[in-house]
Amino acid sequence: LKLQFLYLIDITTMMRAALLLLGLTAASADVFFQDTFDSLSKWESAADKGVFAHAAGPHYGDAEAGKGLKTSQDAKFYATSAQLDKEFTNKDSDLVVSFSVQHGQGIDCGGGYLKVMPKVAPADFNGETDYFVMFGPDICGMSKKIHLIFHYNGKNLLWKKQPKCEDDTLTHLYTLIVHADNTYEVQVDGEKKESGSLEEDWDFLPAKEIDDPKDTKPEDWVDEAQIDDPEDVKPADYDSIPEQIVDPEAEKPDDWDDEDDGEWEAPMIPNPDFKGEWRAKKIPNPAYKGPFVPKKIANPEYKEDKELYLTRKPLGSVGIDIWQVKSGTVFDNIIVSNDVAEVEAFNKKHFFAHRDAEKEMKEAAQKKAADESAAAAAADDEDDEE
């Protein structure tokens, strides 16, 4: 009985510890910012920039839920920002940034990306403001890519990858997850688009290895991949072939006067048998060793950083800093968190719940336009017959 009693105590202790651990885990899940744009009250634009409207695009799943931060003026720079609910760092945790974009205007050239940055006053926010990460679609002409730029040690680092962004007029969801193990994932509409290592996919750090400056090419190194064929000999009569010959079809004009015009000479034309300067044919060089490549050594400038993922300053603002030729882009359903599940639940409610209805509305509008066009064409045909 005593052993059974002690066993029950141990089980109870373990269950309490597990519940406590779960409680701590749940408490550590934070949402630092979210906006479904019931209004624009959280946002303030810089002076002399494009004006944002609180409106939906041409098609939506729900008229009110479809309203967002909409660019309203053509050929304008836009700069607007909002304060996070609280400043934070992503030390030892995920950073998740997610938002939706609809280019209902059929964008030709302009950005659709978001910046997460240290706290900044809206009046001071502009294209020169330091940020931690810039993420989202960018379209201009044939260039249609997802931007993902990190700011690290005073430099903005471009993504080595350039995945294509969505370029239709539907709403699309862009999600970035930065893990504390220096890996990342980019999702579009909830599906993984890219993933990998921060160190490999951006130039955060110098190369681990460099060419050994002391390893120089040997003097007897053979660089020529091909050589003249020693068995290929120039034909004996090769140089006797003239570059030009007399045009055999030329005839002296009937009105040519030798006394007045001089002795007539037929014009010269290129010789079809002339082959130019003789050159021996090439054959593979048996002594060729390939291009010389110095051996690699450890780069003395390289210093490992296990916290590439980590913002150097607390994050306190989110902003949109873009140029657009044709306005009409709608930003909506922005969330910044350290919990993937929290963001997935948010997106399920605010994006995926309206996705199918938006597609149906667009398809209905396209069908209506096609029917009206066909009816107009038929009416024109009847007028022509009369």
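For this chain, numbers begin at 1 and follow the sequence in order. Below, all heavy atoms of this structure are taken into account, side chains as well, without hydrogens, waters or symmetry copies.
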| field | Qualifying disulfide (SG to SG under 2.5 Å) pairs, either residue in residues 159-271, two or more places apart | value | none

Please check: side-chain N/O of [X] versus main-chain N/O of [Y], any donor-acceptor pairing under 3.5 Å?
X: Q73; Y: F52; answer: no
X: T89; Y: P314; answer: no
X: T71; Y: T329; answer: yes
X: Y309; Y: D92; answer: yes
X: D258; Y: E263; answer: no
X: H103; Y: G112; answer: no

| Relative to each other, are the rings of Y113 and H147 parallel, tilted or perpendicular (30° and 60° limits)? | perpendicular

| query | Which of parallel (below 30°), tilted (30 to 60°) and perpendicular (above 60°) describes F346 and H350? | reply | tilted

Would you call [X] and [Y] a salt bridge, using N to O less than 4.0 angstrom?
X: D167; Y: K144; answer: yes
X: K313; Y: D130; answer: no
X: K119; Y: D124; answer: no
X: K91; Y: E307; answer: yes

| task | Examine the side chains of Q102 and T171 and answer whether a donor and an acceptor come within less than 3.5 Å of each other. | result | yes

| field | All pairs passing salt bridge (charged side-chain N to carboxylate O under 4.0 Å, His left out) where residues 95-116 contributes a residue, at least two apart | value | K115-D321

| salt bridge (charged side-chain N to carboxylate O under 4.0 Å, His left out): which pairs involve residues 348-362, sequence neighbours left out? | D189-R355

Which residues share a salt bridge (Lys or Arg N to Asp or Glu O under 4.0 Å) with [X], sequence neighbours left out:
X: E194; value: K161
X: D74; value: none
X: D215; value: none

| What pairs meet the side-chain hydrogen bond (donor to acceptor under 3.5 Å, both in side chains) rule with one or both residues in residues 270-286, with sequence neighbours excluded? | D228-K282

| request: Can you tell me which residue pairs pass the side-chain hydrogen bond (donor to acceptor under 3.5 Å, both in side chains) test with a partner in residues 218-227, sequence neighbours excluded? | output: K217-D223

| field | F135 ring center near W159 ring center (under 6.0 Å) | value | no

Can you give each donor-acceptor pair under 3.5 Å made by side-chain atoms of residues 365-376, sequence neighbours left out, with the distance rounded to 0.1 Å?
| unit_1 | atom_1 | unit_2 | atom_2 | d |
| --- | --- | --- | --- | --- |
| K367 | NZ | D371 | OD2 | 3.0 |

| task | Mind listing the closest non-hydrogen atom pair of I335 and E342 along with its distance? | result | CD1-O, 4.5 Å

| field | Minimum heavy-atom distance between L308 and N182, given as atom pair plus value | value | N-OD1, 3.1 Å

| Cation-pi between K67 and Y60: NZ/CZ under 6.0 Å from ring centre and within 45° of the ring axis? | no

| message | Which residues pass the ring pair (Phe, Tyr, Trp, His ring centres under 6.0 Å) test with F132, not counting sequence neighbours? | response | F150

Determine all donor-acceptor pairs shorter than 3.5 Å in which one atom belongs to a side chain in residues 240-249; sequence neighbours excluded.
| unit_1 | atom_1 | unit_2 | atom_2 | d |
| --- | --- | --- | --- | --- |
| S240 | OG | D237 | O | 2.6 |
| D247 | OD1 | E249 | N | 3.0 |

| said: Applying side chain to side chain contact (heavy atoms under 4.5 Å, CB included), can you list everything that pairs with A345, at least two apart in sequence or on another chain? | reply: none

